[in-house]
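Read through the structure below, which is laid out as structure tokens, and then see the notes.
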Amino acid sequence: MKLEGSCHCRAVTFTVQSASPYPYMRCYCSICRKTAGGGGYAINLGAQRDSLRIEGEDNLAVYRARLDDGSLSTGERNFCRLCGSALWLFDPTWPEFVHPHASAMDTPLPVPPDRVHMMLGSKASWVEPDMRPGDESFDEYPAESLADWHARHGL
Ligand SMILES: [Zn+2]
Ligand SMILES: [Zn+2]
């Protein structure tokens with residue numbers, strides 16, 4: 001489906017085609033929590049990078065997190081330098097994809113039938129994951145990709 005997204009101040013707007021638009025994957029890692037996860041986690045979608053169209057690109061800034069081992073994350077977290085909204089993650093390790101934040105979407109997203117809670121080993125002490133029947137949880141990353149989850153659910 002075609003997704004439309006924007007930052008809060010609308011200095012940056014974008015559209016992208018997504019084959020993985022269900023917002024089911026909650027990441028509780030400290031990077032997601034601090035940069036995009038006011039409730040303790042962030043949700044990224046899967047989308048096709050070659051379909052990404054950006055207006056206001058001059059207002060984008062990129063954050064690359066420093067990891068515990070001192071190296072820079074390969075993930076490029078794109079955000080609006082004017083209002084700070086987290087917009088999408090791009091990682092050159094998987095150059096065909098971008099991962100828009102569900103929180104940046106203006107298009108109404110489909111409600112996922114169940115959810116995956118990941119990086120729970122890094123969650124903040126005050127965060128209580130909203131675990132429901134059918135949900136899965138992982139201390140680190142799950143092996144299943146965004147595309148495989150959608151395929152398994154027939155979506
Ligand atoms: Zn903005
Ligand atoms: Zn994360």
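We count ligands from 1, going down the list as the structure has it; atoms in each ligand are counted the same way. Everything numeric here is computed off the predicted structure, so don't read it as measured data.
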Please test Asp135 against Arg26 for salt bridge (Lys or Arg N to Asp or Glu O under 4.0 Å), starting from the C-alpha separation and ending with a verdict.
CA-CA 11 Å; Asp135 286 9; Arg26 302 184 175 192; over 6 Å; no
Decide side-chain hydrogen bond (donor to acceptor under 3.5 Å, both in side chains) for Tyr22 and His150; before the verdict, give the C-alpha distance in whole Å, the side-chain angles of both, and the deciding distance to 0.1 Å.
CA-CA 8 Å; Tyr22 278 74; His150 281 72; over 6 Å; no
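Checking Cys7 against the Zn ion (ligand 1), an N/O/S atom falls under the 2.8 Å cut-off.
Our summary of the site lists the angle at the Zn ion (ligand 1) between SG of Cys80 and SG of Cys9 as 110°, to the nearest 10 degrees. Atoms SG of Cys27 and SG of Cys29, as seen from the Zn ion (ligand 2), are separated by an angle of 110°, to the nearest 10°.
No side-chain heavy atom of Leu146 sits under 4.5 Å from any side-chain heavy atom of Phe97.
With Phe14 as the aromatic partner, Arg53 does not meet the cation-pi criteria of under 6.0 angstrom to the ring centre and within 45 degrees of the ring axis.
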